[in-house]
Amino acid sequence: MSGSDTSWLGQSLPRHEDQRLLTGRGRFLADTARGCVHACFVRSTQAHARVRSVKTGSAAALPGVLAVLTAEDLGLDGAHLPMLHEPHPGFAEVTRFAMSDPRLPILASVRVHYVGQPIAVVVAESRHVAEDAAELVEVEYETLPPVLDPTAALAPDAPTLHAHLPTNEAARIEVGFGDVDEARRAAAVTVSDTLRIGRHGAVPLECRGVVARVDDRRDRVEVWTSTQIPHLVQQALCRVTGWARDEVRVAVPDVGGGFGTKANVYAEEVVVPVAARKLGRDIAWVEDRQEYLMSAAQGRDQVHHATLAVDANGRVLSWEDDFVVDVGASSLWTAGIIANTAIHLMGPYRVPAMRVTGRAAYTNKTIVAQYRGAGRPEACFALERCLDAAARRLGMSPEEIRRVNLLTADDLPYPRPIPYRDGVPISYDGRDYRACFDSCLEMLPRTVCDELRENYPEHDLGYGVATYMEATGRGPYETGRVRLLPSGRFEVATGAASAGQGHETTFAQVAADALRVSPDRIRVGNGDTDPVTYGVGTFASRSAVLAGSAVHLAATRLADRACGYAAMLLDTDAAGVVLGAGGFRADDGRVVDWTDLAAAFGPGGRLEGQPSLDELAQFRPQTVTWTMGVHAVVVGVHRDTGLTSVLRYAVAHEGGAEINPRIVEGQVIGGVAQGIGGALLEEFRYSPEGQPTSTTFADYLLPGMCEVPQIAVKHLYVPTAGNPIGVRGAGESGAIAAYAAIAAAVDDAVGGGDWRVTSVPIAPEQVRAAIARRSAAVAS
Amino acid sequence: MDHVSVRMTVNGVLVERQVPARTSLADFVRDELGLTGTHLGCEHGVCGACAVLVDGSSVRSCLMLAAQASGAEVTTVEGLPHSGRTARLRDAMSRHHGLQCGFCTSGFLITATELLTDADAVEAPDEGTVREVLSGNVCRCTGYQGIVRAVLEVAGGGATAPSGGEPAARGGGPGAAATAGQQR
Ligand code: FES
Ligand code: FES
């Protein structure tokens with residue numbers, strides 16, 4: 001490809017990363033472990049217990065074992081990870097937000113809070129030996145009764161799980177406006193329900209892993225970790241150990257999926273480098289699946305008590321919700337999850353009065369982090385389920401009640417009387433949400449159900465719709481760096497690590513656009529604290545918005561400065577030089593290109609000794625930008641088994657400008673697939689003793705080829721003025737409304753009477769019972 | 001620890017090693033031979049990321065011992081041909097965005113190659129067949145759409161089922177097989 005005067009933005013270029021991934025030459029964490037000794041963690045086998053003793057003698061004596069290390073041995077006694085998010089003080093004040101710090105020890109020595117919690121680490125010559133030795137470590141426990149229900153955990157008489165805290169409350173929030181009680185008096189219909197979203201999570205196909213290599217020459221440790229947030233890992237590691245930033249490099253290899261579970265900082269990411277430095281050995285820890293399903297951060301797990309009041313026309317008068325989030329033993333993201341949930345409860349509707357209270361509770365389940373949507377799917381489920389219930393009571397269709405309440409071009413932009421988490425007053429910056437709704441229905445109207453019915457004689461078919469809002473591109477900032485290489489090519493780096501989102505392709509497109517070169521001249525590194533000192537990371541649908549904008553700013557500045565250098569080479573005035581696809585052109589038609597410029601920096605060149613072309617830019621958005629969307633689905637419920645199949649699926653969303661439309665579409669479709677999993681299949685279950693029972697892929701069911709249908713996506717192009725490239729985030733949107741839409745469709749298929757789906761994953765036995773009740777009613 | 005001697009042809013090269021008897025074929029190709037394109041997503045036979053061809057048939061290399069493959073002809077993703085159908089499949093996978101993180105990709109390429117080269121297979125498989133054959137491979141990122149389209153394109157099969165309004169042909173489409181999958 002040569003340079004071009006057309007824009008590189010908005011083109012579905014093939015992905016740069018594909019070539020190596022399709023030939024087996026990707027480099028994932030486990031692929032970089034050569035030459036390392038291996039770590040294996042000794043983990044708690046009890047959900048709640050006092051640790052009486054940890055005996056490491058026989059493990060340490062096993063041939064091939066280098067060390068068995070506890071918190072004390074590593075100098076980590078009492079050390080804990082810092083919280084990863086605190087809302088803006090302005091937001092906290094208005095929402096009476098409060099949270100506690102669970103200070104879960106990095107390695108437990110006094111008390112354990114969940115099965116899978118790390119207690120000690122074995123380092124050995126091979127992974128097999130490390131595993132064998134870990135089994136020889138004897139931990140003596142004094143079992144304590146586990147607390148597994150979040151509501152019970154918040155009861156005044158509940159035993160407190162974290163000794164330094166007065167209660168099990170992890171956080172609380174109150175959001176409200178308007179006079180709810182007054183509004184409710186005018187209601188034609190009021191519906192109340194308890195809605196549950198089960199515990200499930202990211203479960204990327206690649207588990208976690210850390211490789212720490214000791215660099216004695218530079219007196220530092222290099223930490224390779226399968227993470228979405230290398231800079232936050234570095235920050236936390238330095239905070240815990242007291243190491244200076246330049247004593248630690250954190251870098252990211254190819255990452256086999258993240259979805260939030262890897263946008264977390266883990267104890268293992270501290271222990272492995274600390275052990276490596278202590279032993280002077282390069283150490284690899286590669287997690288296995290059972291370990292992941294027991295000990296990596298999980299998600300969702302919320303209960304909502306919701307009440308919606310509408311008038312006789314279906315217009316929302318007031319909306320109340322009181323919810324509880326179960327964050328397990330600890331979450332470094334409690335603030336983000338609870339605040340996201342509360343804010344996104346407003347949906348894309350006219351809601352004149354709202355009263356929301358939320359609490360997060362500690363229990364003896366595995367730790368929690370943000371999982372794709374992070375509170376939004378739960379909020380969406382609560383509101384959309386209530387809208388469906390109200391519609392039914394009024395005898396309206398689900399489509400009609402939404403059309404009545406959706407914001408239109410006349411309403412938007414739509415300010416809300418509360419601030420976002422960044423303290424900035426919320427204003428939905430969309431175009432026409434009702435039009436988006438209509439365009440989704442056009443793709444997949446209810447009538448399709450009737451057309452399909454004869455193809456599925458054993459199924460009851462149903463149709464569901466749901467809408468969502470998503471605040472995307474949260475700050476505070478992200479960094480982009482672009483530099484000209486000696487060959488005339490470019491290297492781009494950002495703080496946003498890729499876990500499959502295609503950053504090598506999209507950020508190259510953004511830079512290429514500003515530099516007026518072909519993207520194949522640009523290489524994009526993955527997250528690394530070396531080229532970019534300060535960064536935040538990939539989560540909250542923020543990479544395209546923030547890192548994309550930062551790359552744009554850096555590349556634009558680089559191009560500006562390059563014009564000055566080109567003018568020197570052309571012996572003319574910078575004002576007379578124009579950068580185009582062919583290079584830098586003077587008024588009189590003479591041209592130098594990027595290769596000439598790069599060469600001129602060499603010894604004896606005309607630019608020798610000049611400051612190099614290497615630009616770093618930070619992008620700080622004023623606030624978030626909002627993506628709105630609509631899901632429609634047709635399901636078939638098998639009459640005998642009660643199992644639900646998703647037959648047709650369509651998504652329309654008001655997205656922004658797109659860097660690479662196929663990549664955006666892929667994000668949406670992948671999100672829907674995960675939503676289908678959460679609605680129908682996936683759940684982390686626990687025994688009454690707090691033992692996790694979903695610890696293999698036979699018990700934790702991921703949606704397969706036959707569970708995910710083709711998904712139609714329509715992108716309504718509504719660029720935002722909130723960033724220089726006009727993009728809105730889309731990484732999480734696919735997952736958000738899937739739960740509500742599928743639940744509505746199952747209701748439509750087999751509901752009627754009093755039963756409706758109030759809990760996901762939808763239990764086939766409940767569906768079977770509903771079918772039986774319906775048949776009985778028909779018979780009588 | 002008990003060691004055994006294994007000797008097999010991997011990607012056309014004869015290899016011979018002494019390895020602990022419990023070494024899986026996956027660990028053998030990854031750790032002994034440095035062929036890290038074979039990935040481990042579960043190590044208990046469910047995800048398919050570790051698929052390799054043993055004498056032309058796809059197997060889960062996490063479930064097979066290296067010793068069991070002794071004498072066999074093993075092909076990993078690195079050994080798949082760079083011409084013909086496999087090359088077209090790679091190209092189609094990229095164009096249809098059949099991969100995001102790429103962790104599952106080797107397994108899909110192996111399983112799809114088996115489908116595409118299976119002499120007994122139907123001439124031009126339809127979407128239902130492709131989905132069924134590939135249903136033992138998990139992808140957490142893509143929602144499978146691009147993978148299905150890529151395989152169908154190379155297999156010369158019919159177009160994919162509609163996602164929006166148009167009804168599918170009777171029995172075709174994803175819904176038909178879905179219930180079985182859920183009972184897994
Ligand atoms: S790793 Fe072999 S099937 Fe999952
Ligand atoms: S592309 Fe990530 S698991 Fe398939």
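So that the names make sense, note that chain A is the first sequence line, chain B the second, and so on, each numbered from 1.
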Using residues 253-262 of chain A as the side-chain source, report each donor-acceptor pair under 3.5 Å to any protein atom, sequence neighbours left out, with the distance given to one decimal.
residue	atom	partner	partner atom	Å
A:Asp254	OD1	A:Arg20	NH2	2.7
A:Asp254	OD2	A:Arg20	NE	3.2
A:Asp254	OD2	A:Arg27	N	2.7
A:Thr261	OG1	A:Tyr266	OH	3.4
A:Thr261	OG1	A:Tyr292	OH	3.1
A:Thr261	OG1	A:Ala297	O	3.0
A:Lys262	NZ	A:Glu206	O	2.9
A:Lys262	NZ	A:Glu206	OE1	3.2
A:Lys262	NZ	A:Cys207	O	3.4
A:Lys262	NZ	A:Ser226	OG	3.0
A:Lys262	NZ	A:Gly257	O	3.0

* 4.5 Å side-chain heavy-atom contact, A:Val633 and A:Tyr463 -> no
* Asked: Do B:Arg7 and B:Val15 come within less than 4.5 Å of each other through their side chains, counting heavy atoms only?
  -> no
* Options A:Val203, A:Leu205, A:Leu21, ranked by heavy-atom pairs under 4.5 Å with chain B, top entry -> A:Leu205
* To do: Output the option from A:Gly671, A:Gly666, A:Ala673, A:Gly734 having the highest count of non-hydrogen pairs under 4.5 Å with chain B.
  => A:Gly666
* **Derivation of the side chain to side chain contact (heavy atoms under 4.5 Å, CB included) call for B:Glu114 and B:Leu53** => CA-CA 8 Å; B:Glu114 186 186 32; B:Leu53 296 172; 4.2 Å; yes
N/O donor-acceptor pair under 3.5 Å between [X] side chain and [Y] backbone:
X        : Y        : result
B:Tyr144 : A:Pro703 : yes
A:Ser645 : A:Leu647 : no
A:Thr695 : A:Gln290 : no
B:Glu43  : A:Asp288 : no

* Structure fact -> For B:Asp31, the side chain to side chain contact (heavy atoms under 4.5 Å, CB included) test, sequence neighbours excluded, returns B:Asp27
* To do: Flag the one option from B:Ser106, B:Gly37, B:Ser94, B:Cys47 with the top tally of heavy-atom pairs under 4.5 Å to chain A.
  => B:Ser94
* Structure fact -> Listed by number, the residues in residues 97-105 of chain B that come under 4.5 Å of chain A (heavy atom to heavy atom) are B:His97, B:Leu99, B:Gln100, B:Cys101, B:Gly102, B:Phe103, B:Cys104, B:Thr105
* **chain A-proximal positions within residues 60-89 of chain B [heavy-atom distance under 4.5 Å]** => B:Val77, B:Glu78, B:His82
Given that the side chain runs from C-beta out, which part of [X] has a heavy atom under 4.5 Å from chain B: side chain, backbone, both or neither?
X        : result
A:Asp640 : neither
A:Ala202 : backbone
A:Glu458 : neither
A:Ile676 : neither
A:Arg662 : both

* Asked: More than 12 foreign heavy atoms under 6.0 Å from CD of A:Gln19: is that the case here?
  -> no
* Side-chain ion pair, A:Arg34 and B:Glu32, N-O less than 4.0 Å -> no
* **Lys/Arg-Asp/Glu bridge criterion (N-O < 4.0 Å) met for B:Arg131, B:Glu127** => yes
* **Proximal component of B:Arg95, with respect to chain A [non-hydrogen, under 4.5 Å]** => backbone
* Asked: Does one side chain, of A:His16 or A:Glu504, offer a donor that lies under 3.5 Å from an acceptor on the other?
  -> yes
* Begin from the C-alpha positions of B:Asp2 and B:Arg22 and carry the test salt bridge (charged side-chain N to carboxylate O under 4.0 Å, His left out) through to its verdict. => CA-CA 8 Å; B:Asp2 279 358; B:Arg22 62 178 170 177; over 6 Å; no
